Amino acid sequence: MGRRERPTPPGLSLVTLALSLLVCASGMEITVPAVVYALNGSDIRLPCNFNSCYKMDTKQFSMNWTYRGCENCTEETFIQYDKKIINQRLERFQNRIEFTGNPIKNDLAVTIHDVQLTDEGEYHCYVLNPPDRHKGTGKIRLEVLTEVPPERDSTVAVLVGASVGGFLAVVILCLVILKCVRRKKMQNLNSEDQKTEEEVKTDGEGNPEGELKAAIPEVL
């Protein structure tokens, strides 16, 4: 006889379906860094990864990269995907931007070659993956540096930490010594008190009655 499979409880199926719908209802998720720093004259990669509950359909999938130089400036599209990658080759970038991602792997990164100071600004990554109705958006702020930031010198911090640690050690040592001295002094005082009590007790027990009477002169 073959093994009889137990039917899945209808309640469990409904829960699984509800969870699946809930995940899909969350829409497109875009992962980008908030700020990217680039050295003037270097190459920099601007990452953009998307996550959708639907498999990518190259015929419906769309993507746009835009640039905005200031708060009130107009966004300019420089790369888009419409069944294939299209580089708009904006004059401001002078063919220095290249698509280096892989949409099949949810990677939509672009690379800016020979970064210029004028490249600073906001870069937006827009993604739409039907039948997902929600468009995902990622915003990156590009900061261009003219020189490499100096490394933080930890010598001062180490010296300060060592000084503070040494000072605390000396204080603790002094407290311990003071406590030991006080304890020794108390022990000596207790010893002296005990010795005095013993001497008084010995004197009282060692003098006979005759000696005590002899010590008192007779009154004539």
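Note that this is a predicted model, so its numbers are computed, not measured.
- Among residues two or more places apart in sequence or in another chain, the salt bridge (charged side-chain N to carboxylate O under 4.0 Å, His left out) test is passed with E76 by R92.
- The aromatic rings of F78 and Y123 stand perpendicular to each other, their planes meeting at an angle above 60°, with 30° marking the opposite boundary.
- Here the two rings, on F99 and Y81, have centers that are 6.0 Å apart or farther.
- Remark: the backbone N or O of I97 is paired with a side-chain donor or acceptor of N87 at under 3.5 angstrom.
- Here the OG1-NZ distance, from T66 to K139, works out to 11.0 Å after rounding to the nearest 0.5 Å.
- Among all heavy-atom pairs drawn from L142 and A38, the shortest one is CD1-CB, 4.0 Å.
- Of the possible polar contacts, one joining the Y67 side chain to the E120 backbone as a donor-acceptor pair under 3.5 Å is found.
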Given the rule in the side-chain contact (heavy atoms from CB on, under 4.5 Å) test, do C48 and W65 qualify, once you have shown the distances and angles that lead to the verdict?
-> CA-CA 10 Å; C48 177; W65 270 101; 3.5 Å; yes

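- C125 and L108 get closest at one heavy-atom pair: SG-CD1, 4.3 Å.
- Of the possible donor and acceptor atoms, one in the side chain of N106 sits under 3.5 Å from a partner among the backbone N and O of F50.
- Residues N129 and S52 come closest through the heavy atom pair ND2-OG, 3.3 Å.
- Each of N40, I112, I44 was evaluated against V144; a single residue qualifies, N40, per the side-chain contact (heavy atoms from CB on, under 4.5 Å) test.
- When all heavy atoms of E98 and I79 are compared, the pair lying nearest together is C-CD1, 4.2 Å.
- In terms of heavy-atom proximity, H134 sits nearest to D132 at N-OD1, 3.1 Å.
- With hydrogens and angles ignored, the 3.5 Å screen pairs a side-chain donor or acceptor of D107 with a backbone N or O of A109.
- Under a hydrophobic-cluster definition in which Ile, Leu, Val, Met, Phe, Trp and Tyr are linked whenever side-chain heavy atoms come within less than 4.5 Å, directly or via other members, L90 and I85 are assigned to the same cluster.
- Contact detail for T146 and L117: the closest heavy-atom pair is CG2-CD2, 3.8 Å.
- Side-chain contact between P103 and M63 is absent, with no heavy-atom pair separated by less than 4.5 Å.
- Scanning for side-chain contact (heavy atoms from CB on, under 4.5 Å) contacts around S62 gives L128, with sequence neighbours left out.
- Judged by distance alone, the side chain of R141 and the main-chain N or O of A34 form no donor-acceptor pair under 3.5 Å.
- Between the side chains of Y126 and E75, at least one donor-acceptor pair of N or O atoms lies under 3.5 Å.
- Between T111 and H113, some side-chain heavy-atom pair lies under the 4.5 Å cut-off.
- For the pair Q116 and R96, the minimum side-chain heavy-atom distance is below 4.5 Å.
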